[in-house]
Amino acid sequence: MIRDARVLQPQFIPDEVEHRNPEVNRLSDTLQPIMDGRPGETSLLLGPSGAGKTCIAKYTLERLRENVLDINTQYVNCWQDYTRFQVLYRLLDAVDRTVDVHRRSTPKDELLDRLREYDGPQFVVILDEVDQLEDKSVLYDLYRMPSITTVLIANREQELFSQLDDRLTSRLQTCVRISFDKYPLDELVSILGARARWGLAEDAIDEQELALVADAAAGDARVAISILRNAARRADQDGRDRITTDVVRAAVPEGRDEVRQKTVEQLTPHQRALYDILQEAGELSPGDLYDRYAERVDDPKTRRTVRNYLSKMDHYRLVVAEGKNRARTYRPR
DNA sequence: CATCCACGGGAATCAGCGGTAG
DNA sequence: CTACCGCTGATTCCCGTGGATG
């Protein structure tokens with residue numbers, strides 16, 4: 001049933017992209033100067049999740065690498081690396097300048113200084129999910145680096161700009177914007193069809209079932225592919241040679257929840273207890289939440305530590321923190 | 001206005017790990 | 001082999017800030 005699992009993985013970047021030529025061309029144009037060893041303009045890719053922003057950014061960079069001998073690139077997902085330190089560290093990592101950098105002993109802007117010393121070939125940086133970055137000042141720092149070109153990716157322009165100070169707003173006001181819309185049903189179907197051809201056995205899935213997957217994904221290619229992957233896995237485990245309508249229906253919920261499920265599994269027992277309590281209770285004040293937590297586990301952590309856990313879980317979008325100070329409540333997402 | 005409660009930054013402390021000198 | 005050292009990530013302690021609340 002499954003011939004090549006890689007093409008169903010979320011991080012897979014196809015050799016050819018479908019239905020996104022205008023966007024690819026816009027981005028290629030902004031990166032054009034790099035062909036001549038000059039920096040490109042900053043670009044900002046906007047649109048809902050699963051609309052192909054990350055895929056197109058990576059794809060375009062790959063094509064660029066094929067045409068330029070001397071170039072450095074790095075992809076950073078700010079959802080995972082959300083501190084200033086982590087982002088700078090990842091960038092230095094890409095240009096091999098991390099030697100003897102230690103988390104503790106490194107003076108405040110040692111990392112930035114190192115990056116400033118960088119005098120290699122043009123360096124193109126993709127910052128995905130920039131709105132998750134807690135200290136946006138890195139953007140300003142990067143903006144001023146002569147040989148660094150940044151490609152920013154975010155969901156909504158409004159949300160991003162509301163988190164920036166005036167200095168950054170005016171800088172980014174002029175950058176190249178490329179907007180992505182949700183994929184219409186027929187485009188999703190053809191994307192899924194291509195993945196099925198590459199990754200699955202012949203005739204493993206029909207047009208009709210593909211349409212069902214696409215419909216359940218509501219324009220989100222990532223969800224669509226996740227559903228297809230789960231359907232293929234199920235069919236495989238059941239020893240079938242085709243993905244039937246029933247299999248697709250069964251795969252829809254787990255396809256949708258997969259990302260969250262993976263994150264939940266990474267939680268420590270203490271964090272998991274907090275998450276479970278919120279799942280059961282719905283919405284709680286910090287005080288009540290802590291009391292229940294302290295009752296449930298042996299050897300509870302301190303309130304301060306629990307606050308760290310909760311803010312991390314907020315980052316990972318497992319819980320929602322609403323209100324400030326005394327009005328604060330937590331609820332599961 | 002005093003008090004309460006929660007947030008979150010920063011320093012101090014702890015515990016585990018790997019390397020190494022004796 | 002063992003004791004010790006240096007490093008790191010996790011946790012805790014301490015505390016300033018700020019919006020309710022009475």
Side-chain angles (χ1 to χ4, degrees), chain A residues 74 76-115 127 129-142 154 159-168 260 262-333:
Chain A
Q74 177 66 308
V76 181
N77 188 330
C78 302
W79 206 50
Q80 284 146 23
D81 297 318
Y82 52 83
T83 68
R84 177 191 175 79
F85 184 97
Q86 288 170 321
V87 170
L88 290 174
Y89 191 90
R90 291 292 312 272
L91 298 185
L92 285 166
D93 205 26
V95 296
D96 292 328
R97 294 204 160 224
T98 42
V99 271
D100 80 342
V101 173
H102 298 305
R103 276 162 197 279
R104 180 66 57 83
S105 55
T106 312
K108 194 125 177 103
D109 267 331
E110 169 79 29
L111 291 190
L112 188 59
D113 290 338
R114 296 237 182 168
L115 204 55
L127 293 183
E129 320 249 13
V130 245
D131 37 354
Q132 290 299 310
L133 203 56
E134 62 187 23
D135 180 0
K136 306 283 193 299
S137 65
V138 206
L139 300 183
Y140 187 70
D141 297 328
L142 292 181
E159 237 171 75
L160 177 63
F161 276 80
S162 66
Q163 302 167 2
L164 304 178
D165 61 18
D166 298 345
R167 203 177 51 166
L168 263 169
R260 165 161 323 156
K262 271 198 181 127
T263 329
V264 170
E265 281 162 16
Q266 283 172 18
L267 299 177
T268 67
H270 286 270
Q271 293 163 349
R272 186 61 190 266
L274 288 163
Y275 182 75
D276 289 344
I277 291 167
L278 287 175
Q279 286 284 327
E280 289 159 22
E283 188 165 4
L284 288 175
S285 69
D288 289 346
L289 176 56
Y290 186 81
D291 292 343
R292 295 194 192 198
Y293 158 78
E295 234 174 84
R296 178 174 302 215
V297 302
D298 300 332
D299 219 357
K301 308 283 183 187
T302 60
R303 288 171 188 275
R304 182 67 188 88
T305 303
V306 165
R307 284 204 294 277
N308 282 342
Y309 289 164
L310 288 167
S311 79
K312 185 173 172 176
M313 287 158 69
D314 184 31
H315 262 296
Y316 283 98
R317 301 190 186 214
L318 291 174
V319 306
V320 192
E322 246 167 355
K324 293 191 146 234
N325 302 317
R326 292 207 43 195
R328 178 57 73 93
T329 62
Y330 292 99
R331 64 183 164 81
R333 194 180 277 271

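Proteins come first, then strands; the chains are lettered A, B, ... in the order of their sequence lines, and each starts at number 1. All values derive from a computational prediction rather than experimental measurement.
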Q: Using whole Å, report how far CG of A/Asp314 lies from P of B/dC7.
A: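 For the pair A/Asp314 CG and B/dC7 P, the rounded distance is 11 Å.
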Q: Quick one: do the A/Tyr275 and A/Gln279 side chains pair a donor with an acceptor below 3.5 Å?
A: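 Short answer, yes.
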Q: In whole Å, I'd like the distance from the CG atom of A/Asp299 to the P atom of C/dA10.
A: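 Rounding to the nearest Å, CG of A/Asp299 and P of C/dA10 are 18 Å apart.
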Q: Once you round to the nearest 0.5 Å, how far does NZ of A/Lys312 lie from CD of A/Gln271?
A: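 Going from the NZ atom of A/Lys312 to the CD atom of A/Gln271 covers 5.5 Å.
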Q: Grab the CG-C1' distance between A/Asn308 and B/dG9 for me, whole Å please.
A: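 Taking CG of A/Asn308 and C1' of B/dG9, I get 10 Å after rounding.
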Q: Assess whether a salt bridge exists between A/Glu280 and A/Arg296, defined as any Lys/Arg side-chain N lying under 4.0 Å from an Asp/Glu carboxylate O.
A: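 Answer for the salt bridge query: yes.
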Q: Would you mind reading off the distance between A/Met313 atom CE and B/dG8 atom C1', rounded to a whole angstrom?
A: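 The answer, rounded to whole Å, is 17 Å.
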Q: Does a nitrogen or oxygen in the side chain of A/Tyr309 sit under 4.0 Å from OP1 or OP2 of C/dT11?
A: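 True: A/Tyr309 side-chain N/O within range (under 4.0 Å) of C/dT11 OP1/OP2.
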Q: Give a yes/no answer on whether the side chain of A/Thr302 brings an N or O atom under 4.0 Å of OP1 or OP2 in C/dT11.
A: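 Answer is no, no contact under 4.0 Å.
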Q: Hey, which of A/Ile277, A/Val306, A/Leu310 is the one that makes side chain to side chain contact (heavy atoms under 4.5 Å, CB included) with A/Tyr290?
A: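 Exactly one pass, corresponding to A/Val306.
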Q: Under a 4.0 Å heavy-atom cut-off, which of residues 315-333 of chain A touch DNA chain C?
A: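 Nucleic-acid contacts, sorted: A/Asn325, A/Arg326.
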Q: Flag the pair A/Arg307 / A/Arg304 as yes when at least one side-chain heavy-atom distance between them is below 4.5 Å, and no otherwise.
A: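 Yes, at least one pair of side-chain atoms sits under 4.5 Å.
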Q: Any carboxylate oxygen within less than 4.0 angstrom of a Lys/Arg side-chain nitrogen, looking at A/Arg328 and A/Glu322?
A: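 Here A/Arg328 does not pair with A/Glu322 in a salt bridge, since their nearest N and O are not under 4.0 Å apart.
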Q: Does any residue of residues 262-285 of chain A have a heavy atom under 4.0 Å from DNA chain C, and if so, which ones, in number order?
A: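 When residues 262-285 of chain A is checked for heavy atoms under 4.0 Å from DNA chain C, there are no hits whatsoever.
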Q: A/Val264 versus A/Arg272: any side-chain heavy-atom pair under 4.5 Å?
A: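 Contact flag for A/Val264/A/Arg272 side chains = yes.
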Q: Does the A/Tyr293 side chain pair with the main chain of A/His270, one donor and one acceptor, at a distance under 3.5 Å?
A: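 No, the answer is negative, given that no donor and acceptor are paired below the 3.5 Å cut-off.
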Q: Which residue lies toward the 5' end of DNA chain C, A/Lys312 or A/Arg304, if each is placed at its nearest nucleotide?
A: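 Nearest nucleotide further toward 5': that of A/Lys312.
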Q: C/dT17 C1' sits how many Å from A/Arg307 CZ, rounded?
A: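 It is 12 Å, rounded to the nearest whole Å.
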Q: Could you check if a side-chain atom of A/Leu160 sits within less than 4.5 angstrom of a side-chain atom of A/Lys136, using non-hydrogen atoms only?
A: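 Contact flag for A/Leu160/A/Lys136 side chains = yes.
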Q: Expressed in angstrom and rounded to an integer, what is the separation of A/Leu310 atom CG from B/dG8 atom P?
A: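 Answer to the nearest Å: 10 Å.
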